[in-house]
There are 2 protein chains.
Amino acid sequence: MEDLDARTAPPKGTVTQRVIDQIKAMIAEGLLGPGQRLPTERDLAAQLGVSRSSMREAVRALTFMGALESRHGSGVYVTQLAAGDLLESFGVVADLSRGPQLVELLEVRKVLESTTTALAAARIDAGQLAEVEQHLLAMESTDDTEEILAHDLAFHRAINYAAGNDTMAAVLDGLSSRTFRARVWRGYQEEGAIDRTRREHRRIHRALVARDPESARIAAAAHVGEVEQWLRERLAESQ
Amino acid sequence: MEDLDARTAPPKGTVTQRVIDQIKAMIAEGLLGPGQRLPTERDLAAQLGVSRSSMREAVRALTFMGALESRHGSGVYVTQLAAGDLLESFGVVADLSRGPQLVELLEVRKVLESTTTALAAARIDAGQLAEVEQHLLAMESTDDTEEILAHDLAFHRAINYAAGNDTMAAVLDGLSSRTFRARVWRGYQEEGAIDRTRREHRRIHRALVARDPESARIAAAAHVGEVEQWLRERLAESQ
DNA sequence: CCCGGTCATTGGTCTGATCACTCGCGCGGT
DNA sequence: ACCGCGCGAGTGATCAGACCAATGACCGGG
């Protein structure tokens with residue numbers, strides 16, 4: 001048994017990479033839909049004429065990327081290909097970035113979060129607003145930094161998703177991965193920035209309540225900008 | 001030989017996933033610096049007490065993600081961890097997204113590219129501007145769609161990197177992956193949108209020459225917005 | 001001193017076996 | 001006839017070992 005069609009024709013690069021591209025292509029072309037189950041690793045390996053090892057490496061890579069999901073004892077499935085699935089691995093970028101790149105990531109966050117916050121001011125509904133308020137209150141009624149951090153994340157997360165663009169929200173989730181925020185925040189808070197942060201959060205919340213997109217945009221940009229500026233200065237010092 | 005330190009202590013999840021996390025942690029904590037070479041797969045597998053297969057799957061996943069790079073016959077190395085390395089895989093997201101998600105991705109691009117274009121208007125130097133002009137001229141002196149597409153990509157790419165934030169530019173590279181643009185553009189051009197695109201590009205270029213960030217921002221937003229709007233309408237029709 | 005080949009090292013691939021988890025089939029009790 | 005439970009086939013997860021292929025340093029000849 002050899003080539004079934006043109007997909008196996010060009011023997012370029014490594015075997016595993018080729019398999020990755022083939023599976024990716026099958027998904028992109030709709031031959032494999034969201035939620036659908038793939039043939040068994042053994043069958044698929046035989047079909048594409050590669051060993052099971054190579055097939056497994058390909059599946060593992062695509063799983064890591066969020067395109068596939070393998071359930072032990074059941075089979076390999078295509079994910080829903082939702083923004084959250086595919087962008088989960090985006091957090092790794094934030095975790096592995098350092099120095100000037102962290103500043104650049106904060107700039108990206110500043111731009112995107114300004115937008116989501118402005119959109120949220122126009123679109124947020126009562127239930128979502130209540131959730132935002134809940135995290136705001138929780139953040140002001142404790143001094144436990146871990147708890148504050150958790151509610152800080154949830155506060156922005158709720159706003160981001162209220163903006164209606166799940167893809168943008170998923171990217172922001174990645175930019176605010178737990179380890180990323182923890183690394184930056186650790187130092188930021190030590191300089192008594194907690195009160196300022198609370199004030200900025202209240203300002204963002206006020207803009208949401210007032211349904212004022214422009215104020216919301218400015219408040220969010222200023223909020224992220226404060227952290228960005230602090231990080232920028234810390235980098236300049238350490239040099 | 002067993003646990004060398006606390007990293008191997010928690011036997012959670014699958015073996016491969018644990019190895020992935022361990023290597024990631026080693027990089028994040030600076031035990032492995034950019035460009036540094038890792039022990040051989042065989043040694044590393046023995047050190048962590050896993051089979052070479054599992055180790056290879058882990059390495060493959062991190063390679064796919066852009067954190068590692070393995071050179072046949074030489075060894076496995078940590079990449080420079082630059083924005084381009086880590087965000088290359090971001091293009092997969094664009095390739096696998098469909099329907100409403102494409103619109104959301106274009107919204108993200110609209111927001112980010114508005115920013116980079118505005119920044120470029122303030123920061124671009126003579127050499128970079130010349131490159132932008134070159135692609136603009138090339139785009140206007142041919143009717144070959146493939147060539148136009150290539151110069152279109154290069155046009156925006158040059159502007160994005162001229163803005164100075166490589167991370168943001170790398171994200172935009174991912175959002176403009178060849179297959180993504182080709183899929184959307186194919187239909188877009190067929191409606192005689194080429195002339196309009198050229199006009200919009202000229203407008204962006206004019207704003208750059210005039211060092212006018214606000215005009216540049218608006219021109220870029222309008223440019224991407226046109227495509228976004230077209231895609232939105234096409235989706236509404238097909239439903 | 002330079003060039004070319006040689007060979008140990010190392011990633012790439014394949015094979016086959018075994019373990020661990022799922023799920024459905026069928027047996028047995030009610 | 002129905003329900004519950006156990007068992008076994010199917011499938012992914014892991015391991016072990018072998019061989020192939022690319023690399024790069026070392027060494028001998030020119």
Side-chain angles (χ1 to χ4, degrees), chain A residues 1-3 7-24 26-27 32 35-79 85, chain B residues 1-3 7-24 26-27 32 35-79 85:
Chain A
M1 183 197 312
E2 64 267 23
D3 298 358
R7 265 202 313 286
T8 52
K12 59 184 176 185
T14 70
V15 173
T16 302
Q17 189 57 48
R18 209 187 322 156
V19 174
I20 291 178
D21 292 339
Q22 285 175 359
I23 298 180
K24 213 175 66 179
M26 287 192 254
I27 297 177
L32 293 175
Q36 185 174 344
R37 188 192 141 168
L38 276 67
T40 71
E41 291 182 345
R42 292 166 175 85
D43 289 349
L44 204 49
Q47 271 185 41
L48 300 183
V50 301
S51 74
R52 205 186 152 202
S53 314
S54 304
M55 175 57 63
R56 275 192 59 75
E57 287 184 18
V59 170
R60 172 71 68 176
L62 288 170
T63 298
F64 192 60
M65 171 108 315
L68 297 181
E69 171 192 8
S70 73
R71 304 177 200 158
H72 192 167
S74 173
V76 179
Y77 301 79
V78 180
T79 67
D85 297 326
Chain B
M1 184 197 311
E2 66 267 21
D3 298 358
R7 265 202 313 285
T8 51
K12 60 183 176 185
T14 70
V15 173
T16 302
Q17 189 57 48
R18 207 186 324 157
V19 174
I20 291 178
D21 292 340
Q22 285 175 359
I23 298 180
K24 213 176 64 179
M26 287 192 256
I27 297 176
L32 293 174
Q36 186 174 343
R37 188 190 143 173
L38 276 67
T40 72
E41 291 182 346
R42 292 167 176 86
D43 289 349
L44 204 49
Q47 268 185 43
L48 301 183
V50 302
S51 73
R52 200 189 154 198
S53 311
S54 304
M55 174 58 63
R56 275 194 58 75
E57 288 183 18
V59 170
R60 174 71 68 177
L62 288 170
T63 298
F64 193 57
M65 169 107 312
L68 297 181
E69 171 191 7
S70 72
R71 304 175 199 160
H72 191 169
S74 175
V76 179
Y77 300 79
V78 180
T79 67
D85 297 326

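First the proteins, then the strands, lettered A, B, ... as listed; each starts at 1.
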Ranking A/Q17 and A/G73 by the position along DNA chain C of their nearest nucleotide, the one closer to 5' is A/Q17

Test of understanding: with salt bridge (charged side-chain N to carboxylate O under 4.0 Å, His left out), list the residues that count as partners of B/R37, not counting sequence neighbours.
none

Of A/S53 and A/S74, the one whose closest nucleotide on DNA chain D sits nearer the 5' end is A/S74

Base, sugar-phosphate, or nothing for B/V59, non-hydrogen atoms under 4.0 angstrom?
nothing

Could you list where the contact with chain A starts and ends along DNA chain D, reading 5' to 3', using a 4.0 Å heavy-atom cut-off?
D/dG10 to D/dT14

Would you give the length of the straight line joining atom CZ of B/R71 to atom OH of B/Y77, rounded to the nearest 0.5 angstrom?
5.0 Å

Roughly how far apart are B/R60 CZ and B/S53 OG, rounded to 0.5 Å?
13.0 Å

First and last nucleotide of DNA chain C touching chain A, 5' to 3', heavy-atom cut-off 4.0 Å?
C/dT13 to C/dT22

What is the distance from atom CE of B/M65 to atom OG1 of B/T79, rounded to the nearest 0.5 Å?
11.0 Å

Which distance, rounded to the nearest 0.5 Å, do you find between the CG of B/L44 and the CZ of B/R42?
12.5 Å

Quick one: CD on B/E69 to CG on B/D85, what's the gap to the nearest 0.5 Å?
8.0 Å

Kindly indicate whether the side chain of A/I27, heavy atoms from C-beta on, has any atom under 4.5 Å from the side chain of A/L68.
yes

Nearest heavy atom decides the nucleotide; on that basis, is A/R71 or A/V15 closer to the 5' end of DNA chain C?
A/V15

What's the separation between atom CD in A/Q47 and atom CE in A/M55, rounded to the nearest 0.5 Å?
8.5 Å

